[in-house]
Participant: 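Sharing a structure with you now.
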There are 2 protein chains.
Amino acid sequence: MKPTIYDVAKEANVSIATVSKVINNTGRIGEKTKNRVLDIMKELEYQPSSLAVALTGKKTFTIGVLVPDIANPFFAEVARALENNARKSGYALILCSTDYQLERENDYLELLIKKQVDGLIIATEPKDLKQFKNLNNRKIPFVMFSFDHLALESNVVTTDDIRGGYLAGRYLWEKGHRNIAVITETQRASGHLRLEGFKQSFVDEGMDFSNTLVIQAKSKIEEAKEAAHQILKMEKLPTAVFATTDLIAAVFINEARKAKVSVPHDLSVIGFDNTIHAEMVEPGLTTIAQPITDLARYAIHQLMESIEKPDMPAHRMMLAPTLIERESVRDLNKKNSLT
Amino acid sequence: MKPTIYDVAKEANVSIATVSKVINNTGRIGEKTKNRVLDIMKELEYQPSSLAVALTGKKTFTIGVLVPDIANPFFAEVARALENNARKSGYALILCSTDYQLERENDYLELLIKKQVDGLIIATEPKDLKQFKNLNNRKIPFVMFSFDHLALESNVVTTDDIRGGYLAGRYLWEKGHRNIAVITETQRASGHLRLEGFKQSFVDEGMDFSNTLVIQAKSKIEEAKEAAHQILKMEKLPTAVFATTDLIAAVFINEARKAKVSVPHDLSVIGFDNTIHAEMVEPGLTTIAQPITDLARYAIHQLMESIEKPDMPAHRMMLAPTLIERESVRDLNKKNSLT
DNA sequence: AAGTTTTGGTTAAGCGCTTAACTATTAATT
DNA sequence: AATTAATAGTTAAGCGCTTAACCAAAACTT
């Protein structure tokens with residue numbers, strides 16, 4: 001059987017309180033006893049049960065992570081970054097993919113509450129606000145990751161999507177593109193924000209954006225292909241396409257090649273997220289990078305803070321995205337140049 | 001404060017034992033009281049603390065998942081599939097990326113033991129067997145996922161990698177390929193097994209495999225590129241390349257295109273894993289699919305079994321991979337055909 | 001030498017639940 | 001009507017830990 005604090009205490013001829021104190025380095029314990037207890041703990045391979053520890057009014061050192069789908073590379077990378085940061089503070093992550101389904105969202109939320117997680121990172125947009133407000137009532141701290149919702153009283157750590165869109169737009173403008181098509185992802189609000197910023201960058205240059213083709217698609221291969229076809233079969237092709245996720249952009253590049261449209265020679269493409277797709281596709285995808293590492297670090301940091309100090313006011317931080325230049329956008333100002 | 005069983009009991013004018021019984025549907029409780037208690041539980045939004053439940057000698061309903069890196073699409077998909085299955089039984093997953101590092105492996109194992117997980121799914125090859133044998137001693141059930149290790153007494157659920165390699169080899173042979181290069185992944189033993197099977201398929205046809213070029217590379221973009229270059233700069237190109245992971249294969253395809261080598265016209269490529277890379281690359285990658293869904297289902301099932309019946313003998317199951325035909329392999333028997 | 005601190009512990013209650021053992025009703029049996 | 005059996009619930013111990021409150025012995029005071 002797993003040894004308990006009693007086993008250690010008996011072996012060391014002390015009370016369990018003493019053992020507890022050496023474990024936590026609290027109270028006053030003599031050097032000799034301390035070392036004896038320590039030795040015995042090692043010998044018995046004793047590990048305090050975090051269940052019992054948690055039950056005694058302390059923390060569970062567990063945080064719940066709600067993502068739409070961990071199989072999506074973006075969220076997989078997010079999970080990894082969160083994990084790295086949580087680990088440093090001794091926290092474990094319980095992973096939950098909601099799959100954009102209300103039922104799963106509720107089930108998982110209930111599960112996590114039962115498990116007494118110390119806090120949550122929520123990277124999936126709520127289907128049902130009620131459950132999330134419940135978190136507020138129960139004083140369970142959480143931070144919204146990469147999305148925002150004014151109805152929820154909590155920390156927010158997100159990429160500045162509007163700015164990201166703006167960056168993409170300005171870059172395309174600078175490279176001389178005026179005739180553009182956009183494919184926006186529909187499942188997350190960020191898709192709209194990115195479009196918003198993108199549009200703004202053109203409006204700022206005095207361009208009329210109103211008759212720009214905007215297609216909606218989920219960030220799934222099939223829908224992305226369809227959206228790509230819609231664009232590729234136009235009588236007059238745009239000179240550039242802005243896709244609000246890398247997956248959509250990468251699929252577009254592949255479909256373009258199949259349609260004998262060369263990227264970036266005939267058509268430029270810019271994406272968003274800087275996931276592995278951007279690196280894997282050929283030509284490499286110029287894209288707007290979300291600062292995943294920083295997002296994760298701040299998110300965990302904020303969460304830890306509000307776990308420690310429950311009535312800390314909720315911050316909203318928007319981290320700046322950056323443009324990653326690869327080979328998928330052509331500079332129309334340089335004649336005959338391929339890049 | 002979070003309501004406890006005492007709050008419910010007081011409100012319902014019964015003892016906590018009664019409440020406990022209606023929660024768990026054990027013992028004999030009258031209809032009226034039962035409903036009253038149920039109502040009050042709902043009203044108070046009472047959720048039993050799984051900590052306390054677990055401490056009372058029952059299960060934690062948590063399982064630990066050890067993967068090398070959740071940001072790797074293959075493991076992300078695995079995690080997702082595991083999650084789906086675990087969820088059905090009310091289990092939560094604690095996610096741990098070992099990053100192939102001994103230290104992280106040990107830290108996480110310790111963490112999981114402290115947390116009293118009911119069992120583990122281990123999808124990362126042990127750096128240090130000692131820690132894993134410890135699991136055996138502590139009677140913590142685990143199943144080895146997609147790798148095998150004879151020193152460890154436990155359930156194994158894995159893809160039949162040898163057979164997968166064989167499948168790939170036979171397919172290439174049937175398509176008329178005789179001059180082949182292989183890029184094998186080095187971080188996981190499965191890479192060698194896949195090569196083994198691949199080789200065997202050629203040997204079975206009476207071909208001498210000994211002077212076939214075999215390059216080693218980690219399943220990382222940079223190393224894959226380098227391996228690709230090694231092959232692409234050969235004076236006489238092989239007719240086909242077998243890469244033991246899709247990532248390596250996809251990178252190869254992209255590098256080939258840059259080198260003006262057309263896949264599959266000039267050179268065929270076959271991969272392994274059937275991850276999202278296989279779908280995203282252009283042309284679509286013909287590859288050996290690991291039966292992730294089935295693997296996950298069996299793994300969770302086996303784990304549940306050995307949680308319920310601790311002295312069940314350990315099974316080793318090897319699930320059959322299947323060949324997924326896309327467009328990256330050319331049939332050399334059909335003259336002038338591109339596929 | 002008697003009083004005061006300091007040191008190094010111990011005792012016991014409590015965290016939120018489960019469960020074996022028990023008890024008090026009510027119903028069934030003859 | 002007396003005995004047995006079933007029903008509906010209660011009591012209390014225990015899971016493995018933390019922590020406030022307490023205490024005995026050793027070490028300083030003056």
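The sequence lines fix the lettering, A, B, ..., with proteins before strands; numbering per chain opens at 1. In this text the structure is predicted, and so the values were computed from the model without any measurement.
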Participant: Give me the first and last nucleotide of DNA chain D, going 5' to 3', that has any atom under 4.0 Å from a heavy atom of chain B.
Facilitator: D/dT7 to D/dG16
Participant: Could you check B/T18 against A/K2 and say which one's nearest nucleotide on DNA chain D is further toward the 5' end?
Facilitator: B/T18
Participant: Quick one: label A/S49 by what it contacts on the DNA or RNA (base, sugar-phosphate, nothing), any heavy atom closer than 4.0 Å.
Facilitator: sugar-phosphate
Participant: Between B/D99 and A/R80, is there a salt bridge with N-O shorter than 4.0 Å?
Facilitator: yes
Participant: Quick one: do A/E11 and A/R36 make a salt bridge, cutoff under 4.0 Å?
Facilitator: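 No, no charged N to carboxylate O under 4.0 Å.
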Participant: Determine the minimum heavy-atom distance between B/E105 and B/T98, stating which atoms define it.
Facilitator: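 Distance-wise, the nearest heavy atoms are CA-CG2, 4.2 Å.
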Participant: I'd like to know if A/D294 and A/R297 make a salt bridge, using a cut-off of under 4.0 Å between side-chain N and carboxylate O.
Facilitator: yes
Participant: Select from B/A17 and A/L55 the residue whose nearest nucleotide in DNA chain D is closer to the 5' end of that strand.
Facilitator: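 Comparing both residues, the 5'-ward one is B/A17.
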Participant: Using a cut-off of 4.0 Å on non-hydrogen atoms, how would the nucleic acid contact of B/T33 be classed: base, sugar-phosphate, or nothing?
Facilitator: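 The residue B/T33 makes sugar-phosphate contact but no base contact.
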Participant: Should the pair B/E45-B/K2 be classified as a salt bridge under the 4.0 Å nitrogen-to-oxygen rule?
Facilitator: no
Participant: Quick check: on DNA chain C, is the nucleotide nearest A/I16 upstream (toward 5') of the one nearest A/I29, or the reverse? Name the residue that is more 5'.
Facilitator: A/I29
Participant: With sugar-phosphate meaning primed atoms plus P, OP1 and OP2, does B/V14 contact a base, only sugar-phosphate, or nothing at under 4.0 Å between heavy atoms?
Facilitator: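 Touches sugar-phosphate only.
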Participant: Looking at B/K218, I'd like to know if its NZ atom is crowded, meaning that more than 12 non-hydrogen atoms belonging to other residues, nucleotides or ligands lie closer than 6.0 Å.
Facilitator: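 No, the 6.0 Å shell around NZ holds no more than 12 heavy atoms from other groups.
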Participant: NA contact type, B/K58, heavy-atom cut-off 4.0 Å: base, sugar-phosphate, or nothing?
Facilitator: sugar-phosphate
Participant: Using whole Å, what does the distance between atom C1' of nucleotide C/dA24 and atom CZ of B/R28 come to?
Facilitator: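 Rounding to the nearest Å, CZ of B/R28 and C1' of C/dA24 are 15 Å apart.
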